[in-house]
Every structure is written in C-alpha cells, then in structure tokens.
There are 4 protein chains.
Amino acid sequence: MYSKFLNVDPEKQERIINAASKEFAQKGYDNASTNEIVKEAGISKGLLFHYFKNKKGLYLFIFDYLQEMFREKIYENINWNEKDLFIRYREIGLLKFELIKSYPETVNFIKVAYLEDSNEVKSDLEQRQNILIATAYQKLFSDFDHSKFKENIDINKAIQIIFWSMEGFANQQQEKLKALSMDQVNPEETLVEMESYLDMLKEAFYK
Amino acid sequence: MYSKFLNVDPEKQERIINAASKEFAQKGYDNASTNEIVKEAGISKGLLFHYFKNKKGLYLFIFDYLQEMFREKIYENINWNEKDLFIRYREIGLLKFELIKSYPETVNFIKVAYLEDSNEVKSDLEQRQNILIATAYQKLFSDFDHSKFKENIDINKAIQIIFWSMEGFANQQQEKLKALSMDQVNPEETLVEMESYLDMLKEAFYK
Amino acid sequence: MYSKFLNVDPEKQERIINAASKEFAQKGYDNASTNEIVKEAGISKGLLFHYFKNKKGLYLFIFDYLQEMFREKIYENINWNEKDLFIRYREIGLLKFELIKSYPETVNFIKVAYLEDSNEVKSDLEQRQNILIATAYQKLFSDFDHSKFKENIDINKAIQIIFWSMEGFANQQQEKLKALSMDQVNPEETLVEMESYLDMLKEAFYK
Amino acid sequence: MYSKFLNVDPEKQERIINAASKEFAQKGYDNASTNEIVKEAGISKGLLFHYFKNKKGLYLFIFDYLQEMFREKIYENINWNEKDLFIRYREIGLLKFELIKSYPETVNFIKVAYLEDSNEVKSDLEQRQNILIATAYQKLFSDFDHSKFKENIDINKAIQIIFWSMEGFANQQQEKLKALSMDQVNPEETLVEMESYLDMLKEAFYK
DNA sequence: TATGAATGAGTCTTCATTCAT
DNA sequence: GATGAATGAAGACTCATTCAT
C-alpha cells in the first residue's frame, strides 16, 4: 500500500511525517493544506501524491503510523504482569509524560484525531478507534485484580470513576502546558499531584 | 457593535442565528460556508457582512448569543441556595438533559466551539472561555457546603474528582446518543445511572 | 437556471459565449481550459463559476444556446410549404453557407460537439441530439412529396442516398475551407457544384 | 527512428501496441494517460520514453503501425484486376466487416484518429492522411472501368456519390453497433442492405 | 537496457469579502 | 438598508517528462 513511501530515505520519511502530523494537528483534516506540508517537508507537490494517492491516504497513513509507534512504546513500557489498578495507572501516567516530552507534535496529532469530524475521514477513523479500543485499550484499562476492592461497591463503576479522573487530570495538565513552555513544567510536581489523586481514589475504593 | 443586527425584525434575526449556528456546528468555523448560511437564512450575501463585518464577527456573535442564552437558562433553573454538592449535580444533570432535548442544534454548537481549533478564532474563544470559567462556571461548581466532607481528605481534590466523573459520564452518554436517535434514549435510565455514580462518590467523600 | 448569466450586459455575454465556444471547438470538452476562456473573455475566474456552476454547465449552456440560435435561423429561412426534396436541399445548402460565413466559430462548435466523447458530457449530449433529431432534423429532411419519385424504387433509400451525398459534399467543402481563407472561396462556384450533384440525383430518382 | 522499440521481444512490442492503441482510442490523444499505458503494458514509465521519446512519438508510431497493418490486409484481400466499381465496393464492404470483427480496438483507433483534433498531433496526422489519400485510397476508390457508365453523366461525380453513400452507410451501421454488441449484429443482413443500396446506384449510373 | 522517484505547471472549483446600484 | 455581481488567491490533484541508479 504505502511501499513507495516506505522505501525512500528514512530522513525524508521523517521530514514528511513531521510536516504532515504538525499541519494536521494544528488545522484538522479539512483545513490542513497539502501545499503547506510539501513546503515544510521540502518536496514537490507531485511527490506527495505519488506516495499517498490523495490527502486522505496521507492522513490515514500518518494516523496508523503514529498509532503503531505509540502502541509499541506502550507494550514495551508497561509491566503486564502487574494487576494492581493503581500501580498500572502510575505506570501509564509516567509513560504518557515521557511521550509528551519526546514527541509533543505527534501526541497532539493523535489526540486531535479523536475529535476529527471531517466527513472525509470520519468513518475510517471511527473504525480504527473501535479496533484500538477493543484491543490495546481494553488490555490497558481492564484485567485488574478485583479482590482488593471493597466488597459492597460496583467495581466496574469504580474503575470508570478512576479512568475519568485520570483523563480529567491529564487534560488539566495539558491545558497548563499550552500556556507554559515544556521546560517550565516540573514533572516531579505533576507526578506527585497525580499520586495524591490516585491515593484518594484508592482510599475510597480499596479495602 | 452588533446594533445593526439587533435592530432588525426579530424573526429575521432568528432565521440568521439558526442558519449560522447549524452550519458552524456541523462543519466547524473554517469549513462553514457563508454562502450556505445566507441561502438557508434567505438573505443576501452583502447583508450578512453588513451586519457582522466578517465571518469571524458572525461566529463570535453567535457564540456570545447562545452562551448568554444558556447562562440565563442556568440561572433560572438552579437553586442557588442549595449548597449540597450532590444535590447541585443532580440539578445540573437534569437541566443538561432538558437543554439537549429542547435545543439540540445550539447545544451542539457550544459543545463544538470548545474544541474549535481554527487559528482565526482560537484566541478569541479561549479568552471567552476563561472569562466563563472564572464566573458562571465557578459559581456552578463551587461554593459548596464543605462541612459534610470527611475530615481527613483534601476537599478541593474530591470536588475535582466528582467534576471529572460527571464530565466523563456526560461524554459517555453523548457518545451513546450519536448512535441512537433522541427518541430511543430513556431519560429515566440515564438519570438513575448518574445517581448511582453520585452515590458512590458520596459514600467515598462524605462523612 | 442560467438567469444570472442572462441578466448581464449583452456585450459581456457575447464575449463569454465567443470565448467559450472557440475554446471548446478547438480543444474538445476535456482539454478546453476554463483559464483560457476567462482570459479571452476578460472576466475573473470566480465569475464564470458564479454564472455556470461548473465547466459542464458552461458547456451545455453554450451548446443549447447555439443550437437554439441555429434552429431559429433555420425556421425563419426555410420555406416549409415547399415539399419538393431538391428545392429543399438547395435552400438548406444556401442557408448552411450563409451560417458558416456569418458564424464560423459557432458552426464549428456544434459540428465538433457531435463527435464529443468525453464521459463527462456524453450522455447529456446524446440526449439533446436525440431530441433534436426527433424534431427539427426530422422535419427538415423528411415530409417530402413522394409522388415525384420513380415508381419502381425504394423511396426511403433514395432519400438516404441524397442525404449522404449532401453531407459528403458539405464535408468536402469544409475540408477545402480549412486550407483556404474564407475570402478565397467563391460561393457561386460551390453552389453551382452542389446543384450539379442534385441534378444528377434528381435525374436518377425522379420520374 | 523506432529501432530501439523494434528490437525488443515481439511479445512485449505487442503488449505495448495493444495497451497504447486501446488507451488512445478510448480517450483521444490529450486525455490518454501514459501512466495507464505503462500499467496495462506492464513496463516502466522510463522505458516507454526510452523507446518513443515522448507521447507524440508513441502516438504517431502506433498510427503508422496500424495503418500499415491495414494497408497490407487490404492489398492482400482486394482483387486488383477487377475494375468494376460495384464489385470492388462489395469487396471493400466485406473486408471492412471482417476487420472490425477481428481487430475492433485497432479499427477504432484508426477511425478516431481521423477526428483527432489535439493541436499537438493535428498537423502530423493531416500530413499522413494526405499521403494516404494520394496513394492507397486513390487506388482503392478509383481506376474503375468507365465504359459501363451511362454516357451523358459526369462519371467522376457519380463515383463521388457512390463513395459518399457507402461512407454514410458504414457510419450508420457503426452507430447501430454502438448500441448493440457485436454478437447481436447479423452480418448477412447488413451486407444485403448494402447491396440494395449498391443496386440502386448501379441502376442510376450504369448503362 | 530498465527503473520509478521526482518535478512543477496546469486542471477545475470554492471562498470570504467588496462595492456599485 | 439591501442586493448579488465580481474578485483572485488558495484548495486538491494530474500529467508528461527527466534522470540518477
């Protein structure tokens, strides 16, 4: 499918991926300009379409490529034997922080893609997201040791609340990041704050 | 500012507001077409720009107008004397449900506006949202009776967790709504489910 | 449908019709450039699409417009009471000559349109041509006085032969015209030659 | 000129000729895509231009090649000793029918080439067609026995009328063919109808 | 000989905005 | 106030042709 692209000079591949993910993340699918992408990547108009056939092909390639990259990072960095929910969440939080620090543009692309509502790519994205949720996501946010929860509560609902809280916390931190530069943020502090939330939830739902 | 517009026949005002909010909600700022708006509203191209100067002016007017409308609805329907957090959340949940049922298009506009990332209006929207959060929002989600909380917990963090949980729940419900039509949803059921989450959180954080 | 266009300054209408029919006649539908048309007509890119929606709309408008123009000329200049086939063909030949002299570009457009095979407009053209053949064409090349034909021949086949001969003659003359300029052609001579063919066919098929 | 091409594997030559003639016949010179041709022929982009220098070179080669092929078929199948015009036309009609049945794509290419009006190849084609008409064509449609014609008529004009009638008939049959598939056509019937026209013309112009 | 990546001018079409009426 | 004709830059995408390998 994308064999043409995957056979070219890796440095050029990277330039194109960076240019495209940045443009798509900033402007969304419809308003991203292939003109801008080729200008930024330093390639000709025709070449982009030689590689990807059309704008949609480029977008979905970038999506798949980055998704896969993050999936790999996650697989490598999560201790799948650990079944304690709170320990897992600490790991996830730490990893998320690392990823944002290392690949800010691309993290942003993936995040924005979940909100993309251009008719042109909507259904393809939804399909991909359903697959993702049914696989990696599932594995990441379930399969916990239930024996540690208090006995008189609905465990699935408790897990939901923890999930929502962590998402809320992450969004809050990202909002802060927008205003400040990466350097001004103290990762230690953020992680300590996250832990304090996790501790409150542990106190609430664990025996 | 928009005095020209506000002096015209109210029925025409409504036609324009409806046409514009629908178009913006469906396509986002950049992809919304002023052509479509004037066609739907039954007015001429020039008149729209006579009233609002440019597309951005129209967008921000619509945003302010609808925001204000919802603010009024909220003020009228919330019992501001009630300081119990969980009772307040029940009221908010109920009200949200009513609003979605009565003004689906406009609720959608406001919701989408918070995700709008067109460079053209981004900063103006952020400014408005900051103001909002500092005023109405603040009032809605704070000023609670702290005496009912357990004594050894960080009350502000508990309030955050409850807020994030309710946001997560609302988003989950909206996802469901997308697939189903409004009629197929059982409001009773939704509210019961919401209450069960609230009860769990109450158990966790109240004395 | 094309009311926008039909309401503008007739001189501008003419410029656009001339520019478009010339471009389409020379290059065919697909290869005609709307860029060239607007340049030649002295209007902006957007205006053309304001009038005609798209290239196809422009093409079909031009086709209908010119077709109708020629239809009117034919109706005015043919003596419909005359039922003698050979007198009718003399009239048609004379009229054709006049039209080519007065509207060389547009005659060319119509002629080329019958050979157009772009998928984009093929079916629309065929439909129009079927209608035309079923109406004007039919009337022009049928309804003759059969009593003057020799009795032992197939009259319909005789009429066909006369039709094909006149078409062949007209094409031959147009080929000559391409090489020479209009001025160098002697209309008298052409008409005399045509008559000599008609006389031979009359001798062959009339009593 | 095309020595590079003529020295390669004949099977590959054939693949290229078939692919190119099909594409050109279907879309005309300008809209034919060299991309499609190389894809269909199973060769690389560069190789096509290595053989033929450019698109025009390819087109004219194909034209000459097919023209020559048909010229040979004609020479082999026409009885050049027979000087009777009507017998010759019967032979030609029969041969045309055979060729259309055996080489539909390539016959189509030649036919369409005569209507080709792309500026890029127009003059080259016209030149070739003039040469053709001055040679093979001349021989095919002239050099008849004049002694059989009625004495008081212009024999050259009579020959023209017969030529135009046969062309008209052939076009009429091809129109029919477009609607129907080749299998649905009854060759017997077509030839009988052709003969009836020839008989009428014979009656008209022969002693 | 053979490949196919690379080019960039050209294609039609849409758009917010202006301005004479 | 109200109209809608007019603008032209920008959009995605295609194409014949070249050239390093």
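Chain naming here is simple, since letters A, B, ... match the order of the sequence lines and numbering starts at 1 in each.
- As a whole-Å value, the separation of Tyr29(B) OH from dC15(E) C1' is 12 Å.
- As rounded to whole Å, 15 Å separates atom P of dG11(F) from atom CG of Leu58(A).
- Nearest to the side-chain atoms of Ser44(D) among the listed nucleotides dA2(E), dT7(E), dT17(F) stands dA2(E).
- We find that CG of Leu48(A) is positioned 12 Å from P of dT14(F), with the value rounded to whole Å.
- Counted by atom type alone, Lys45(C) and Thr34(C) present one or more donor-acceptor pairs between their side chains at under 3.5 Å.
- For Lys45(D) against dT17(F), a side-chain N or O and a base N or O form a donor-acceptor pair under 3.5 Å.
- With respect to Glu11(A) and Arg15(A), a salt bridge is recorded, a charged nitrogen being found less than 4.0 Å from a carboxylate O.
- Ring pair Tyr29(C)/Tyr59(C) is perpendicular by interplanar angle, where above 60° counts as perpendicular and below 30° as parallel.
- The distance from atom CD1 of Ile37(C) to atom C1' of dT11(E) is 13 Å, rounded to the nearest whole Å.
- Nearest-nucleotide positions on DNA chain F for Lys27(A) and Ser33(D) put Lys27(A) closer to the 5' end.
- A close approach under 4.0 Å does not occur between any side-chain nitrogen or oxygen of Asn35(A) and OP1 or OP2 of dA10(F).
- Between Tyr51(B) and dA2(F), a side-chain N or O to OP1/OP2 separation shorter than 4.0 Å is present.
- Rounded to whole Å, atom P of dT14(E) lies 18 Å from atom CG of Asp30(B).
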- Message: As a check on the pairing definition, encode DNA chain F in dot-bracket form, counting Watson-Crick and G-U wobble pairs whose two distances are under 3.5 Å, and using | for partners outside this strand.
- Response: .||||||||||||||||||||
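- Taking only side-chain nitrogens and oxygens, Thr34(B) comes nearer than 4.0 Å to OP1 or OP2 of dA16(E).
- Remark: Glu40(B) engages Lys22(B) in a salt bridge, criterion side-chain N to carboxylate O under 4.0 Å.
- A heavy-atom distance below 4.5 Å is not found between the side chains of Tyr65(D) and Phe5(D).
- One interatomic measurement links the two molecules: NZ of Lys39(D) to C1' of dT14(F), which rounds to 12 Å at whole-angstrom precision.
- Not one N or O on the side chain of Lys12(C) forms a donor-acceptor pair closer than 3.5 Å with the backbone of Ile43(C).
- If you find the closest nucleotide of DNA chain E to Ala32(C) and to Lys12(A), the one lying nearer the 5' end belongs to Lys12(A).
- Both Ile43(D) and Asn31(B) sit near DNA chain E, but only Ile43(D) has its closest nucleotide nearer the 5' end.
- If you find the closest nucleotide of DNA chain F to Phe49(A) and to His50(C), the one lying nearer the 5' end belongs to His50(C).
- Atom pair Lys53(A):NZ and dA12(F):P shows a separation of 16 Å (rounding to whole Å applied).
- Other residues, nucleotides and ligands contribute over 12 non-hydrogen atoms within 6.0 Å of the CD atom of Glu105(B).
- Straight-line distance from the CG atom of Leu47(D) to the C1' atom of dA16(F): 16 Å, rounded to whole Å.
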